[in-house]
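Quick notes on the structure that follows.
A quick note: this is a predicted structure, and the numbers were derived from the prediction, not measured. Below, read A as the first sequence line, B as the second, and so on, with proteins coming before strands; counting in each chain starts at 1.
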Amino acid sequence: MNSTHRNLPSIADRILFHLQKSLINLRQLQQVQAQILTNSSLQTNSLITHFLSSCARSRKLDYASHFLHNLRDPTSSSWNSMIKLSVESGSGQEFMGFYQKMLLDNVKPDAMTFSSILRGCVTFSKISLGEAVHGLILKMGFVFDMFLQTGLLDFYGKAGDLTSAKQVFDEMPQRDVVANNAMIAVLSKCGHVTDAHNLFEKMPERNSASWNCMITCYCKLDDICSARTIFDKNPVKDVVSWNAMIDGYCKSGQIETARELFNRMGSAKNSVTWNTMIAGYVQCREFAKAVLMFQQMQVENVKPTEVTMVSLLSACAHLGALDMGRWIHAYIRHHNLKIDVVLGNALIDMYYKCGSIETALEVFHGLSRKNVYCWNSIITGLGMHGHGKEAIDAFLKMEEEMIRPDGVTFVGLLSGCSHSGLVSEGRQYFSQMIGVYGVEPGIEHYGCMVDLLGRAGFLEDALKLIETMPIKPNSIVWGSLLRACRVHRDTKLSEQVTQRLLELEPHDGGNYVFLSNVYASVNRWNDVEICRRMMTEKGVRKTPGCSSIEVNNVVHEFVVGDTSHPRFAQINAFLDEIVKELRDHGHEPDTASVLHDIDDEEKENAVRYHSEKIAIAFGLMSIRQGPIRVVKNLRVCRDCHEATKLIAKLFRREIIVRDRNRFHHFRDGFCSCKDYW
DNA sequence: GTAGGGTTAG
């Protein structure tokens with residue numbers, strides 16, 4: 001025996017030790033690869049598998065594939081691990097590629113191979129592929145073991161094909177707890193909760209997953225009480241049970257109860273618990289609380305994941321918290337989090353909603369893969385910022401890249417055309433929706449078209465479209481036309497439209513807002529008053545106006561009538577100065593319209609100043625350089641719009657206001673919306 | 001078995 005042979009185990013051990021480290025750099029990876037490939041005695045199943053999983057952890061699947069090709073005697077088990085790893089860590093593009101390569105390498109697939117492929121079909125929603133794989137398994141005559149059968153069950157569950165799932169289940173000669181759990185999951189997904197429960201009751205053995213499956217099953221049906229009963233009865237509660245229950249409360253809007261459970265968990269929480277709670281606050285539109293939760297998570301030293309960041313970015317997008325969003329982006333880069341389509345889209349969404357369309361574009365172009373969500377976000381973002389032409393260009397590029405547009409794409413595109421006054425382009429794409437793109441126009445697309453036509457002054461065309469559209473127009477569609485009538489001062493048509501609106505939906509609270517607009521526009525203030533009284537009587541609820549601004553990473557919210565801000569007195573005094581300055585430069589406050597205009601679903605006139613003015617004043621006081629960015633939950637009122645134009649000019653600052661619908665870039669006395677919003 | 005993404009018109 002020569003010395004090399006004696007040393008072999010130690011080399012293998014050393015390599016193994018290297019590979020088992022959580023982080024391995026590329027150089028080390030290459031070294032190990034060379035070592036294994038040049039020494040065929042090192043090509044053991046264990047080392048091969050460990051090397052492959054290191055590649056997967058370092059997101060270097062191409063290394064792994066190259067490595068497999070160069071093995072002296074690749075086995076199906078090596079390729080199987082490859083497929084399994086690419087399913088677990090890949091993007092859904094690779095795993096079938098590895099299967100093809102395996103065939104090219106003359107390695108025969110086995111039951112394990114197909115089991116992994118089925119897992120991939122479940123993970124990446126590849127329905128037709130999964131069905132084909134089932135056929136292939138039958139054709140190749142493999143013995144269906146319980147593992148493969150359970151894989152099929154999972155797959156048909158994902159596909160929502162209850163019949164096939166039942167067939168597979170019934171044909172199983174024996175079923176272990178995992179198989180039964182899979183069937184419960186299928187039944188629950190297809191809404192057969194009673195069947196799921198019966199199976200659950202009949203099971204000879206239950207593990208924690210069985211109980212948890214039933215919890216999610218009831219949660220999905222929004223039957224939180226039953227879910228809670230199961231949760232309380234569960235003798236083997238683990239962290240998943242708690243997480244599932246917390247998520248159930250979040251999804252049903254009972255965020256406080258979710259929080260109680262969360263608090264009761266103490267140190268039993270894991271990162272999913274935190275992510276669930278953060279996402280819950282975002283879903284309940286408690287964005288500031290979501291951020292607080294994240295800060296708490298950091299205090300407790302729990303590592304945020306990609307999922308945390310997605311929820312957090314969504315919170316930033318809603319809050320308009322650009323600084324915080326930027327900080328998260330930096331964190332993602334610094335900690336090497338994987339920017340997949342979901343996280344990428346969350347970034348794009350955050351940037352454009354926080355007023356930075358440029359950075360949104362950078363992120364967008366930097367994504368290696370873009371799905372329809374990403375394209376929709378960028379198209380919508382461009383449109384909202386008044387870049388209609390660029391929105392159309394993006395749409396055309398999307399077509400080139402063979403991504404099929406959906407209904408949302410057209411909402412973004414058409415509203416983009418509308419904001420930029422691109423009438424003929426909008427008309428063209430609308431008319432091509434079904435024939436060319438196979439997307440059925442919905443009420444929202446008709447809404448966009450009415451807005452587009454009306455905005456540009458084609459009131460007759462807009463009316464004709466409403467009268468001939470195949471869907472019953474709702475109050476929003478009529479309202480779009482009404483708004484256009486008001487802008488283009490067509491009182492006669494306004495009255496007609498209002499009539500139609502009230503006939504159509506006499507109980508819709510929103511109609512009273514319209515009606516009062518019409519009266520206000522013809523100075524029938526008495527009728528406006530009556531209208532407002534009717535709204536109060538009917539209990540039509542109006543959202544209070546609220547503007548927020550971010551200063552040094554802190555979001556300051558100004559709600560109407562709320563004087564609780566610590567620097568309120570100072571802000572108020574400064575606002576007095578601004579108002580005086582505005583007056584000196586000829587700005588007359590639009591008091592009549594402020595008093596009677598309930599266009600913005602709010603009665604900010606109850607207090608002296610609208611929330612956006614307070615936020616802008618605070619911004620001017622606190623931010624020395626760069627644009628002032630304000631986010632408002634409702635539409636900007638006419639008076640504030642005029643005032644802001646002048647403030648931008650007098651203070652020589654760019655003021656970017658995001659309102660309910662779009663962005664206003666105020667600069668040097670002008671606004672990017674060209675006074676139509 | 002538990003957690004994450006996009007949209008319009010008043």
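Listed pair A/Tyr352 / B/dT7 meets the phosphate criterion, a side-chain N or O lying under 4.0 Å from OP1 or OP2. Phosphate contact (OP1/OP2 of B/dG4, side-chain N/O of A/Lys338, threshold under 4.0 Å): absent. Between A/Lys269 and B/dT2, a side-chain N or O to OP1/OP2 separation shorter than 4.0 Å is absent.
The side chain of A/Ser311 sits closest to B/dG4 out of B/dG4, B/dT7, B/dT8. Of the candidate nucleotides B/dG4, B/dA3, B/dG10, B/dA3 has the atom nearest to the side chain of A/Asn275. Here the side chain of A/Thr216 is nearest to one of B/dT2, B/dT7, B/dG4, namely B/dT2. Side chain of A/Asn371, nearest nucleotide from B/dG5, B/dG10, B/dA3: B/dG5. Distance from the side chain of A/Met384 is smallest for B/dT8 among the nucleotides B/dA3, B/dT8, B/dG10. Ranking B/dG5, B/dG10, B/dA3 by closeness to the A/Ile476 side chain, first place goes to B/dG10. When each of B/dG5, B/dT8, B/dG4 is scored by its nearest atom to the side-chain atoms of A/Ser415, the top-ranked nucleotide is B/dT8. Distances were taken from every side-chain heavy atom of A/Asn474 (C-beta onward) to each of B/dT2, B/dA9, B/dT7; the shortest belongs to B/dA9. In the set B/dG5, B/dT2, B/dT8, B/dT8 carries the atom at the smallest distance from any side-chain atom of A/Val411. For A/Ser480, the listed nucleotide lying nearest its side chain is B/dA9; candidates were B/dG4, B/dT7, B/dA9.
The distance between atom CH2 of A/Trp375 and atom P of B/dG5, rounded to the nearest whole Å, is 22 Å. Distance CD (A/Gln283) to C1' (B/dG5): 12 Å, rounded to an integer number of Å. Distance OH (A/Tyr351) to C1' (B/dG5): 16 Å, rounded to an integer number of Å. Remark: P of B/dG4 and CG of A/Leu312 are 14 Å apart, rounded to the nearest angstrom.
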Acceptor/donor pairs from residues 460-469 of chain A side chains to any protein atom, 3.5 angstrom cut, sequence neighbours excluded:
from: A/Asp461; atom 1: OD2; to: A/Arg427; atom 2: NH2; distance (Å): 2.3
from: A/Thr468; atom 1: OG1; to: A/Lys464; atom 2: O; distance (Å): 2.8
from: A/Thr468; atom 1: OG1; to: A/Leu465; atom 2: O; distance (Å): 3.4

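The closest side-chain donor-acceptor pair between A/Thr276 and A/Asp247, if any, does not fall under 3.5 angstrom.
In the displayed structure, A/Phe147 atom CZ is contacted under 6.0 Å by at most 12 heavy atoms of other residues, nucleotides or ligands.
Shown here are the ring pair (Phe, Tyr, Trp, His ring centres under 6.0 Å) partners of A/His445, two or more places apart in sequence or in another chain: there are none.
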Exercise for the section: Please lay out, stage by stage, how A/Leu414 and A/Leu452 fare under the test side chain to side chain contact (heavy atoms under 4.5 Å, CB included). Expected result: CA-CA 8 Å; A/Leu414 295 177; A/Leu452 173 85; 5.8 Å; no
